Amino acid sequence: MAHDPYASLRFPEYRFFLLSMGAVFAATQIQSTVLGWQVYVLTGDPLSLGLVGLSEALPFLSLTLVGGWAADRFDRRGLSLASLAAVGASSAWLFLLSLGTPRSALPLYAAQALAGLGRAFFRPASVALGTELVPREHYHNAATWRSSVLHLAMVLGPAAGGALIAAGGPRLPYGVGLALTAAGLAALTAVAPRPRRPYVPEHILLELADGVRFVFRQPLVLGALSLDLFAVLFGGATALLPIFARNILGVGEVGFGFLRAAPAVGSVAMSLVLTRLGHFRRAGPALLWCVAFFGLSWIAFALSRSYALSLALLAAGGALDNVSVVLRSTLVQTFTPQEKMGRVAAVNSFFIGSSNELGAFESGVAARLLGTVASVVFGGTMTLVTVALVAWRAPALRKLERIGP
């Protein structure tokens with residue numbers, strides 16, 4: 001059969017789902033961009049940027065497995081709406097703080113911790129909900145479009161955040177982020193409730209362990225998640241971009257916004273290519289090579305002193321990362337039974353959260369100890385080491401051909 005690049009978009013509820021995710025992702029990107037800039041201006045300390053990530057990571061990692069359990073036991077649409085309300089409360093808190101002049105970063109960290117609490121339940125619930133809106137044979141296409149929307153929001157969000165800071169200080173972008181979160185809530189109500197089938201209750205710890213055990217018994221899934229965890233934990237240094245913008249490249253708020261958006265520009269471009277290509281013929285090697293070149297792109301970025309070259313390198317890294325995101329999402333969803341989807345999505349979220357939020361903390365600590373440039377070079381090198389170890393220890397992933405049901 002001919003490949004249909006719009007297969008998943010032919011389902012109306014999935015279109016509303018993507019609209020909701022796009023609004024929420026854009027709000028998240030605006031908030032994280034503004035918060036990073038605001039905290040660094042307030043403190044002038046690289047470690048404070050790492051603490052922004054840590055404040056979100058602690059509640060997220062503590063509760064995301066519980067969120068996955070809830071997504072397998074309750075209405076995933078209702079759970080997504082409730083947890084998204086908590087994320088919206090975080091945006092409202094930051095907006096209220098911006099009406100004054102914060103003298104300490106602690107209230108800002110607390111607001112981000114509330115967002116982490118909401119996302120601990122929202123991320124596994126929304127991922128599992130998305131798999132109920134399209135047939136399994138369209139998971140690859142659905143993952144590609146979801147990644148496209150995510151990275152389009154990552155283009156528009158940081159660029160808008162930087163421009164809005166310059167135009168009206170933190171108050172304006174926080175207000176826009178709050179409005180976008182409300183729009184995401186409204187769009188998600190167009191998706192019908194998805195009540196779960198009755199089940200025989202077990203102890204919650206046994207059910208949580210079942211999801212973790214499933215992942216560790218799937219070499220392909222475990223290899224892909226481990227690759228993402230350690231590669232992004234060490235390789236990504238997005239949290240340090242305020243330092244590169246102000247102290248190394250010498251650009252202001254708007255230039256910083258474009259730096260934050262550049263990886264997503266590359267990701268969106270790659271997404272458009274992937275919707276046309278369909279399934280990879282040699283998915284495993286493609287995943288490994290893309291992560292390796294992702295690490296190299298960050299090493300080159302750390303050594304660059306040209307703003308234009310830095311933008312291009314970040315865009316290239318984003319394009320490579322997008323291939324990894326699509327392949328990992330397709331692989332996890334294809335090999336996971338629907339009744340375990342929430343818990344496995346939570347394990348996936350745990351890996352992603354560890355790599356992103358704890359990666360931001362790692363970047364701040366490494367920058368304090370090694371210096372900004374040296375810490376990013378070290379992180380990129382560790383990404384290359386990770387790829388080599390995963391290729392050696394996970395031969396099933398290295399030899400993986402086409403991903404399919």
Side-chain angles (χ1 to χ4, degrees), residues 19-44 48-60 80-123 126 150 152-189 238-239 241-242 245 252-254 256-258 260-261 264 356-357 360:
L19 180 63
S20 173
M21 295 302 102
V24 173
F25 289 152
T28 299
Q29 290 301 309
I30 290 174
Q31 179 171 314
S32 61
T33 299
V34 177
L35 187 60
W37 183 268
Q38 186 181 16
V39 166
Y40 186 64
V41 169
L42 183 65
T43 65
S48 66
L49 297 174
L51 292 176
V52 172
L54 184 63
S55 63
E56 181 177 2
L58 290 178
F60 178 84
S80 296
L81 288 171
S83 54
L84 189 53
V87 176
S90 167
S91 300
W93 187 353
L94 287 170
F95 176 73
L96 292 175
L97 288 173
S98 69
L99 298 179
T101 304
R103 297 184 179 181
S104 168
L106 291 179
L108 303 176
Y109 296 147
Q112 192 70 351
L114 178 59
L117 174 65
R119 289 185 189 116
F121 290 85
F122 178 72
R123 189 173 289 175
S126 62
L150 165 64
L152 180 61
M154 291 174 67
V155 171
L156 301 178
L164 291 171
I165 294 172
R171 182 184 312 172
L172 182 58
Y174 285 144
V176 171
L178 179 58
L180 286 171
T181 303
L185 269 167
L188 196 56
T189 59
T238 306
L241 289 181
E253 293 94 335
V254 175
F256 163 62
F258 285 125
R260 277 294 306 265
N356 290 336
E357 279 76 28

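The basis for the numbers below is simple: all heavy atoms, side chains too, and nothing from hydrogens, waters or symmetry mates. What you are looking at is a predicted structure, and each value in this text was computed from that prediction instead of being measured.
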Please list every donor-acceptor pair under 3.5 Å in which a side-chain atom of residues 102-109 meets a protein atom from a residue at least two apart or in another chain.
| unit_1 | atom_1 | unit_2 | atom_2 | d |
| --- | --- | --- | --- | --- |
| Ser104 | OG | Leu106 | N | 3.1 |
| Tyr109 | OH | Ser48 | O | 3.4 |

For residues 80-88, please give each side-chain donor-acceptor pair under 3.5 Å, one per line with the distance, not counting sequence neighbours.
| unit_1 | atom_1 | unit_2 | atom_2 | d |
| --- | --- | --- | --- | --- |
| Ser80 | OG | Arg76 | O | 2.8 |
| Ser83 | OG | Leu79 | O | 2.8 |
| Ser83 | OG | Ser80 | O | 3.2 |
| Ser83 | OG | Phe122 | N | 3.3 |

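Annotation: the span from Thr181 atom OG1 to Leu185 atom CG amounts to 7.5 Å, rounded to 0.5 Å. The CG atom of Leu58 sits 12.0 Å away from atom CG of Leu117, with the distance rounded to the nearest 0.5 Å.
The shortest non-hydrogen separation linking Ser90 to Ala115 is OG-CB, 3.4 Å. Closest non-hydrogen pair, Gly177 versus Ala27, comes out as O-CB, 3.3 Å. Annotation for Pro170 and Ser98: closest pair C-CB, 4.2 Å, computed over non-hydrogen atoms. Closest of all the heavy-atom pairs between Met21 and Ser126 is SD-CB, 4.1 Å. Here the closest heavy-atom approach between residue Pro59 and residue Ser55 is recorded as CD-O, 3.2 Å. Here the closest non-hydrogen pair linking Pro242 and Tyr40 is CB-CD2, 4.3 Å.
In summary, of the residues considered (Val34, Thr33, Leu178), a side-chain contact (heavy atoms from CB on, under 4.5 Å) with Pro173 occurs for Val34 alone.
Using a 4.5 Å heavy-atom cutoff, the side chains of Leu42 and Val39 are not in contact.
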Thr28 and Arg119: CA distance, side-chain angles, deciding distance, side-chain contact (heavy atoms from CB on, under 4.5 Å) verdict: CA-CA 10 Å; Thr28 299; Arg119 289 185 189 116; 3.3 Å; yes
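Surrounding CZ of Phe25 are more than 12 heavy atoms belonging to other residues, nucleotides or ligands, all under 6.0 Å away.
Annotation: side-chain hydrogen bond (donor to acceptor under 3.5 Å, both in side chains) contacts involving residues 164-177, sequence neighbours excluded, comprise Gln38-Tyr174.
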